[in-house]
*Asks:* 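Sharing a structure below in structure tokens format, with a few things to ask.
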Amino acid sequence: MSRIVILGAGIAGHVAASHLRRKLPKEHEVVVVSPNSNYQWIPSNIWVGIGRMKPKDILFPLAPLYAKKHIDYKQAKAISFYPEGDAEEVKPYVLAEYVAGANKGTTEKVMYDYLINATGPKLNFEATEGLSPGKNKTHSVCTYTHADEAWNALNDLIQQMKQGKKAKILIGTGHPKATCQGAAFEYILNVEQELRRHKVRDMAQITWISNEYHLGDFGMDGMLMSYGSNIMKSSEMVEMIFEDRGISWILGAGVNKIEDGVAQYETLEGDYKTESYDFAMLIPSFSGHGFKAYNKGGEDITNKLFKGFMIVDADYTPKPYEEWSVQDWPETYQNPSYPNIFAPGIAFAPPHGISKPRQSKNGTDITPAPPRTGMPSGITAKLVADNIIEMIKHSNNELHHKGSMGNMGAACIASAGFGMTKGSGVSITTYPIVPDYNKYPDTQGRKLGKTFGTIGLAGHWLKLALHHAFIYKAKMKPFWWLIPE
Amino acid sequence: MTRRISKYKRFLMMNPIIQFFKFIYLSIKIMIVVAGGHGGTREIN
């Protein structure tokens, strides 16, 4: 009998738990440890942030589902890792603290044979002074509660605009090394459309602020894509959309301080500037959770497991941008020191960025961090689950399932406005996610055809269809496994 | 605001009948890209 412990119940953790439970005989235990009581479909948060969906539309409680599916669930947060056990315990374990229920505040040693760390990122608002959801007129759409608060504030502003107030709206990244530009891109287009729907568009000045060097970089160094019968850069496509929607932009901006209605930022030229606003949605930087790890003797071995995020089978040798390669990126998400520990999704430490790193004249890094969205999170979680299943069934440590972001496609169906007849979406696929300049030297590292973009109503329908399909899948309803990650 | 998308293009983008077929096409194409397999990058066949 094996015990597999999964830390986190987001996209990666939940995908891993559901596949493990479906494919492993019942004598093996699958345990999920997560401080969150709900599963949330994060890609739909932007619709909560414009009031077109309620939080209940994008989440469901985990406990009843896991009870029904024979997945052990502990509503607790991981604190520290003991991959060799300790003086008393022979088996490895994670120390977790319950955050709800009768055991709230108590800790438990959660033993495991295999550990999947799918804790995702910490939303590191503290890294930017004054940036906090609901304060200083800034908001976030990173969780459903943040998104709901953002909608309440935006709705208040819309009502004021209806009374004649002119408003400034600022949306983008809130840290020089933030990622997840895609979510902010979706949100700014949705906000713009909602203002039109409420007939107050002419009362608002909407500005995109980002640490990207070019529009459409998205932390992926931009992309060259098929667009109809043309070949277009993502920067050209986003510029076309922003100009058409009357959205202005500030690029190469490292936001470093937020005051009430004012964002302070540094530019790549080394200038320090400010931008005022009445409503802002700024994505914070992401960081690891600051977990500690100890060996059997109680010595700190955090650096064997973590490098901010968890260390996996990537090549972490520091090297200049020109020498970056797809081979640097992990394939199995296995920790090299402890082969029974894996970190799929956003929990693994990337070897380096994807976008070309840039510094301001003052030496500040102003570069998007690499994104790892829902699709790669799901794919990497499933391959980790499949490898663990084979390790258990065949009692060996060979890993046959591999999935590098340098050999994996992803779709970004970016909502550009909600509505069955008035909605719009920017559908972008990219293959591979990490550009392979050796394989595709003439097309900026990506395969044209598989890397394409298109705009239109169908994109909105597609995003809505994916919303329903993935929530159906997450609820593990009949034949859920037929829906790919 | 600068018009960057022509009226004809906008009509194509927002016409429900045209977009229905585009929806089918996109669903299949995205499925091919995303579910079309993945693998490592280090082993050379």
Side-chain angles (χ1 to χ4, degrees), chain A residues 201 228 239-247 313 325-332 375-376 379-380 383 401-411 413 420-425 427 429-432 434 436 439 447 449-452 454-462 465-466 483-485, chain B:
Chain A
R201 177 64 184 93
E239 183 181 317
M240 177 181 77
I241 296 167
F242 277 4
E243 283 195 344
D244 195 66
R245 297 279 194 102
I247 296 169
D313 60 320
S325 137
V326 284
Q327 282 77 30
D328 301 339
W329 286 78
E331 296 182 331
T332 62
M375 280 183 182
I379 291 169
T380 55
L383 76 88
H401 299 273
K402 293 178 180 177
S404 163
M405 282 170 58
N407 190 0
M408 183 189 296
I413 314 300
M420 288 307 286
T421 56
K422 299 276 172 69
S424 183
S427 309
T429 65
T430 177
Y431 182 89
V434 176
D436 188 336
K439 214 168 176 181
K447 185 177 173 65
K450 281 188 165 186
T451 303
F452 74 95
T454 185
I455 310 168
L457 181 57
H460 172 70
W461 294 343
L462 198 57
L466 291 174
I483 300 170
E485 271 54 51
Chain B
M1 215 169 282
T2 309
R3 183 182 293 175
R4 290 288 307 270
I5 299 171
S6 68
K7 282 187 177 175
Y8 176 66
K9 278 281 182 195
R10 201 181 300 277
F11 166 76
L12 295 179
M13 285 175 183
M14 300 308 290
N15 183 290
I17 297 165
I18 294 166
Q19 290 296 310
F20 173 75
F21 291 104
K22 189 92 182 246
F23 172 76
I24 305 289
Y25 168 76
L26 277 177
S27 302
I28 295 166
K29 188 155 185 180
I30 286 170
M31 191 77 85
I32 291 167
V33 172
V34 176
H38 48 81
T41 55
R42 293 171 193 161
E43 279 179 16
I44 299 166
N45 294 320

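All chains are named by letter (A, B, ...) in the order of the sequence lines, taking the proteins before the strands, and each is independently numbered beginning at 1.
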*Asks:* Going through the distances and angles, do A:Ile413 and B:Ile30 end up as a side-chain contact (heavy atoms from CB on, under 4.5 Å)?
*Replies:* CA-CA 10 Å; A:Ile413 314 300; B:Ile30 286 170; 3.3 Å; yes
*Asks:* Could you report the tightest heavy-atom contact between A:Ala458 and B:Leu26, atom names first, then the distance?
*Replies:* CB-CD1, 4.2 Å
*Asks:* Got a list of the donor-acceptor pairs under 3.5 angstrom between chain B and chain A?
*Replies:*
unit_1  : atom_1 : unit_2   : atom_2 : d
B:Thr2  : N      : A:Glu243 : O      : 3.1
B:Arg4  : N      : A:Asp244 : OD1    : 3.0
B:Arg4  : NH1    : A:Glu243 : OE1    : 2.7
B:Ile5  : N      : A:Asp244 : OD1    : 3.3
B:Arg10 : NH1    : A:Asp244 : OD2    : 3.3
B:Arg10 : NH2    : A:Asp244 : OD1    : 3.2
B:Arg10 : NH2    : A:Asp244 : OD2    : 3.1
B:Met13 : O      : A:Leu457 : N      : 2.9
B:Gln19 : OE1    : A:Leu457 : N      : 3.3
B:Gln19 : OE1    : A:Ala458 : N      : 2.8
B:Lys22 : NZ     : A:Thr454 : OG1    : 2.7
B:Lys29 : NZ     : A:Gly449 : O      : 3.3
B:His38 : ND1    : A:Lys402 : O      : 3.2
B:Gly39 : N      : A:Asn407 : O      : 3.3
B:Gly39 : O      : A:Ser404 : N      : 2.8
B:Gly40 : O      : A:Asn407 : ND2    : 2.9
B:Thr41 : N      : A:Glu331 : OE2    : 2.6
B:Thr41 : O      : A:Gln327 : NE2    : 3.0
B:Arg42 : N      : A:Glu331 : OE2    : 2.9
B:Arg42 : NE     : A:Gln327 : O      : 2.9
B:Arg42 : NH1    : A:Asp313 : O      : 3.1
B:Arg42 : NH2    : A:Asp313 : O      : 2.8
B:Arg42 : NH2    : A:Gln327 : O      : 3.2
B:Arg42 : NH2    : A:Trp329 : O      : 2.7
B:Glu43 : OE2    : A:Lys402 : NZ     : 3.2

*Asks:* Heavy-atom distances under 4.5 Å only: say whether B:Phe20 touches chain A with side chain, backbone, both or neither.
*Replies:* both
*Asks:* Give, as side chain, backbone, both or neither, the part of A:Met375 having an atom under 4.5 angstrom from any heavy atom of chain B.
*Replies:*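 The side chain, not the backbone.
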*Asks:* Sort A:Ala410 into side chain, backbone, both or neither according to what part of it lies under 4.5 angstrom from a heavy atom of chain B.
*Replies:* backbone
*Asks:* Pick whichever of A:Gly409, A:Gly403, A:Pro330 has the most heavy-atom pairs under 4.5 Å with chain B.
*Replies:*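 If we count pairs closer than 4.5 Å to chain B, A:Gly403 comes out on top.
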*Asks:* Of all the heavy-atom pairs spanning A:Leu457 and B:Pro16, show the shortest one and how long it is.
*Replies:* CD2-CA, 4.2 Å
*Asks:* With a 4.5 Å cut-off on heavy-atom pairs, point out which of A:Gly456, A:Ala465, A:Gly425 contacts chain B the most.
*Replies:* A:Gly456
*Asks:* Taking atom CD1 of B:Ile5 and atom CD1 of A:Ile455, what is their separation to the nearest 0.5 Å?
*Replies:* 5.0 Å
*Asks:* Does any heavy atom of chain B fall under 4.5 Å from the side chain of A:Phe242, the backbone, both, or neither of them?
*Replies:* neither
*Asks:* Just give me the residue among A:Leu383, A:Ile247, A:Ile379, A:Ile241 that pairs up with chain B most often, heavy atom to heavy atom, under 4.5 Å.
*Replies:* A:Ile379
